[in-house]
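Numbered from 1 within each chain, the chains take letters A, B, ... in sequence-line order.
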Protein chains: 2
Amino acid sequence: MNVEAKGQARKPRADGQRNRERLVETAKAAFADVGPDVSLDEIARRAGLGIGTLYRHFPTRDAIVEAVYRREVDELAGAATRLLASRPAGEALHHWMRLFVDYIATKKVIASALGSMVGGASELYASSGARIIQAISLLVDRAGAAGDIRPDVNPKDLLRALIGFTYGADNVGWRPSALRLIDILMDGLKPAEVRAAADQGQD
Amino acid sequence: MNVEAKGQARKPRADGQRNRERLVETAKAAFADVGPDVSLDEIARRAGLGIGTLYRHFPTRDAIVEAVYRREVDELAGAATRLLASRPAGEALHHWMRLFVDYIATKKVIASALGSMVGGASELYASSGARIIQAISLLVDRAGAAGDIRPDVNPKDLLRALIGFTYGADNVGWRPSALRLIDILMDGLKPAEVRAAADQGQD
DNA sequence: TTATATACGGAGGGTTCCTCCGTTTAACAA
DNA sequence: TTGTTAAACGGAGGAACCCTCCGTATATAA
């Protein structure tokens, strides 16, 4: 019942897995109480591990951020289908965008990591960025098909906008500002008829 | 005819002014051919001056960026009134937002500097950030008064959006993406009647 | 010419990033 | 158990950057 195709691969070392886990948890705590710019050295130090060990497990900063926030990203991506099930596609998209802002509000690190993933060289592999793009694409497609928004909207544009809105998330008042911008953007996405109708109650 | 109120202040030293000028020009060249993240050490080195000299003239990175791009920022701010003179306020706002993107497209450094100014602690002094805010506020006020956009739009929100759109200006395709987003945002700013009218030619 | 406020220069300490490689240790076979 | 070996560890160390501090040099004004 060996899964290996050829040769005899060893099973991964137990200490390796333990340390990887330890690093992820330490990083999570460090992001929370030092801030999103905490140094990788600091994370290694807190974990009681050598810096070399950290770099072997996570060759880039984004890699460890991704590991830390995998669950959050999954939730956010999953919320897309959940929202679609319970309301019109246009509203689902609107809610999801607000949700995006709320997620970033608590975990600012995600924003910059997403930023470098979305436009990055390798968009192919199933990274967190890819899952988020899938989610927003689904919402945009459905909303477009339902006539809730114009049919020619580029989902990546919207994602860029969302990431952009959360840029500078330290400045006071950024959150309400981002939410207002989402409302405006959402209005701009609607075909003129829909807006006119919404303006006079529903028909 | 002494301008000084009290005591006898000396006139600024000639070498000081020369070096300041030299630093600004060197920085401009360095931003252009090394990139927006060129180190301050590198700029001082290229200028043939000590790092201490650079820091005395420009205590922060933003300070030197501001000196380098003062003219560009002035032009951009000035464009607001020029545009207002030649077309309806709503269109002027729309054009100005596109112009903003074009300016950033060539000088990426401005974006991050603006970012830290706009939300920064001291919004009071007449910095570049302040002049940009004044420009966009003027446009928003006029457009609101003319009924081209809704009257309750917060100009700082728009500026944040613009800065956000230009975030990640290295990624391929960011510029057309930013322009599309501006169009959408602009549509969202319009009162429903205006959009409906525009959709069917003009009335 | 002299006095002195101004400006210069760069050494140096602190931080972060990341690589490299000698040492340790877990997994597996005999 | 013991030996072999691949995997993982650790941290020294070089490079880059930031910024301060203070001894030295010089332009200005008397």
- Grab the CZ-P distance between B:R18 and C:dG9 for me, whole Å please. 11 Å
- Note on the structure: With the side chain defined as heavy atoms from C-beta on, A:D41 is closest, among C:dC8, C:dC18, D:dC18, to C:dC18
- Please report, rounded to the nearest Å, how far the C1' atom of D:dC19 is from the CD1 atom of B:I64. 15 Å
- Send over the distance from B:L40 CG to D:dT20 P, rounded to a whole Å. 12 Å
- Query: OP1 or OP2 of D:dC17 less than 4.0 angstrom from a side-chain nitrogen or oxygen of B:R61, does that happen here?
  - Reply: no
- Atom CD1 of B:I43 and atom P of D:dC19: how far apart are they, to the nearest Å? 12 Å
- Task: Respond yes when some side-chain nitrogen or oxygen of A:H57 is under 4.0 Å from OP1 or OP2 of D:dA8, and no when none is.
- Result: no
- Message: In whole Å, I'd like the distance from the CG atom of B:D37 to the C1' atom of C:dC17.
- Response: 15 Å
- Task: Measure the distance from CD on A:E21 to P on D:dA8 and round it to the nearest whole Å.
- Result: 16 Å
- Item | Nearest-neighbour nucleotide for the A:I51 side chain, C:dA26, D:dC19, C:dT19 considered | C:dT19
- When you match A:G52 and A:V38 each to their closest nucleotide on DNA chain C, which lands nearer the 5' end? A:V38
- Does OP1 or OP2 of C:dG9 have a side-chain N or O of B:T53 closer than 4.0 Å? yes
- CD1/A:I182 to CG/A:L162 distance, rounded to the nearest 0.5 angstrom? 5.5 Å
- Query: Does B:R45 come within less than 4.0 Å of B:E42, counting only side-chain N to carboxylate O?
  - Reply: yes
- Message: So, does B:N19 get its side chain near the phosphate of C:dA7, meaning an N or O under 4.0 Å from OP1 or OP2?
- Response: no
- Item | B:D15 CG to D:dT28 P, straight-line distance once rounded to whole Å | 7 Å
- Query: Among the nucleotides C:dG9, C:dC17, D:dA29, which one has an atom lying closest to any side-chain atom of B:R56?
  - Reply: C:dG9
- Message: Taking atom types as they are modelled, would you say the side chain of A:R13 forms a donor-acceptor pair with the base of D:dA7 within the 3.5 Å cutoff?
- Response: yes
- Message: Regarding B:D183 and B:R98, does a basic nitrogen lie under 4.0 Å from an acidic carboxylate oxygen?
- Response: yes
- Item | Per A:R10 side chain, nearest of listed nucleotides C:dA27, D:dA27, C:dC17 | C:dA27
- In whole angstrom, what separates A:R45's CZ from D:dG11's P? 13 Å
- Dump the intermediate steps for side-chain contact (heavy atoms from CB on, under 4.5 Å) on B:F31 and B:Y69, then the final yes or no. CA-CA 11 Å; B:F31 284 139; B:Y69 292 111; 3.8 Å; yes
- Query: Nearest to the side chain of A:Y55 - D:dC19, D:dA29, C:dC17?
  - Reply: C:dC17
- Task: State plainly whether the residues A:D15 and A:R18 are in salt-bridge range, i.e. N to O under 4.0 Å.
- Result: no
